**Student:** 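Sharing a structure here in structure tokens format.
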Amino acid sequence: MPKIANDPSRKTWITTTSDTDFPIQNIPFGVFLTPDDIITIGTRIGDTVIDLGALHQLGYFKNIPLTDDIFLQDTLNDFISDGQKTWRLVRNRIALLFAKENPELQEQKEHCQVVLFAIDEVEMQLPIQVGDFTDFYSSKEHATNVGSMFRDPENALLPNWTHLPVAYHGRSSSIISSGTAIHRPMGQIMPKNSTTPIFGASKYVDFELEMGFITTDANILGESISINEAEESIFGMVLLNDWSARDIQKWEYIPLGPFLSKNFATSISPWIITLDALQPFKCQGPDPIHEPLPYLQFSGKKSYDIQLEVAIQPPSQQETLVSKSNFKYLYWNMSQQLAHHTVNGCPVNSGDLMGSGTISGPTPDSYGSMLELTWKGENPLSLADGSTRRFIEDHDTVIMRGFCQNSETRIGFGEVKTELLPVFEKKNIKQEL
Ligand code: MN
């Protein structure tokens with residue numbers, strides 16, 4: 001099926017600006033709460049949010065085989081289960097419905113009133129119910145930096161790293177949408193020059209600049225997904241901040257990898273950008289250090305040129321850009337990750353989330369965590385308000401943004417924005433007699 005929704009020459013009758021992340025060529029999917037407190041699935045053009053549940057009820061998708069309530073859900077999981085053919089039919093239909101020359105909906109003013117909202121009027125929700133969350137470790141630069149700091153600069157990459165996409169199973173219960181604040185975690189920490197751990201608040205709370213991809217029901221128990229079919233099972237991508245407590249991590253991670261240092265919060269951006277919308281931005285990835293095993297070999301381009309930024313904003317201050325990176329730096333691409341994840345027959349379901357791992361680039365200003373940007377805190381960063389940061393402080397807000405840009409189109413991800421609050425304090429609710 002042609003991806004007509006990507007036509008760069010299409011214009012829309014919805015008001016947009018030339019620098020929007022959400023031109024009519026994007027057509028992302030998300031879940032939002034309307035001003036009347038109705039939860040619905042929607043898309044976005046410019047700063048206008050479109051209620052797909054209402055559009056479907058009004059009959060605008062009547063030629064597409066969809067169940068009546070497919071968009072009247074609080075998650076996208078069922079729609080994602082419908083598969084790539086349905087995603088394309090819906091995206092193509094939305095593209096035509098909002099095309100400048102099409103009067104079909106444009107002239108139905110009372111329909112427009114029910115279907116269209118300003119972005120400020122709605123409240124974005126977590127777009128998927130995540131059954132399983134896996135976090136990879138696929139940036140060579142990040143793995144090399146961390147290996148150099150904590151082990152040995154001469155042997156920074158462990159021997160398996162160049163042969164397989166290393167990952168761990170994360171936790172889905174603490175995956176949150178942009179705008180949800182988190183608390184500084186407590187945990188066990190081994191103080192420097194000590195032999196017994198203490199219990200306390202993490203002092204080294206960090207972000208990890210990542211992207212996540214979201215799958216459909218890809219395989220059944222025992223079945224694997226071949227690398228050249230893997231992209232058919234990927235619905236789309238989001239920005240992902242894999243919050244990390246470095247002091248807790250350093251003590252707990254041996255031998256099974258991170259646990260409580262990572263599972264207190266993972267923030268994602270609310271709009272899922274489809275893999276179809278990203279097709280114009282496919283590119284070559286890094287050259288392999290050596291040829292991988294056949295199930296990880298692929299033909300064609302499997303990387304994506306997505307520009308990424310991280311900013312820190314202290315309370316009531318302006319934000320400071322602290323890192324600029326790119327998704328294309330990743331050594332292992334999404335197809336390799338999914339082929340590897342399923343090569344043993346592990347089933348992947350609709351709404352599963354796979355994190356890329358911290359996306360660090362080759363230069364120090366492109367590192368994707370404070371751990372690397374400040375080199376374990378040795379070189380603090382200066383912020384615009386004159387303060388300095390080794391790690392993230394209480395009430396700082398971390399903002400990640402991402403976009404693709406060529407001479408014709410900009411496809412953006414919006415942002416994922418999270419404030420770090422102080423340690424959680426249990427409220428003493430005294431019963432009044
Ligand atoms: Mn991570």
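Nothing here was measured: the structure is a model prediction, and the numbers come from that model. Both ligands and their constituent atoms are indexed starting at 1 by order of listing.
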**Student:** State whether the side chain of Asp247 and the backbone N or O of Lys203 hold a donor-acceptor pair below 3.5 Å, judged by distance alone.
**Tutor:** yes
**Student:** Flag the pair Phe29 / Trp87 as yes when their ring centroid distance falls below 6.0 Å, and as no otherwise.
**Tutor:** no
**Student:** Look at the aromatic rings of Tyr331 and Trp161 and report parallel, tilted or perpendicular, splitting at 30° and 60°.
**Tutor:**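 Tilted: the ring planes of Tyr331 and Trp161 meet at 30° to 60°.
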**Student:** What is the name of the N/O/S atom in Asp135 that sits closest to the Mn ion (ligand 1)?
**Tutor:** OD2
**Student:** Would you name the N/O/S atom of Glu210 that lies closest to the Mn ion (ligand 1)?
**Tutor:** OE2
**Student:** Verify whether the ring centers belonging to Phe281 and Tyr304 lie closer than 6.0 Å.
**Tutor:**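 Between Tyr304 and Phe281, which both carry aromatic rings, the centre distance is not below 6.0 Å.
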**Student:** Please name the atom of Glu208, restricted to N, O or S, that is closest to the Mn ion (ligand 1).
**Tutor:** OE1
**Student:** In Asp242, which N, O or S atom comes closest to the Mn ion (ligand 1)?
**Tutor:** OD2
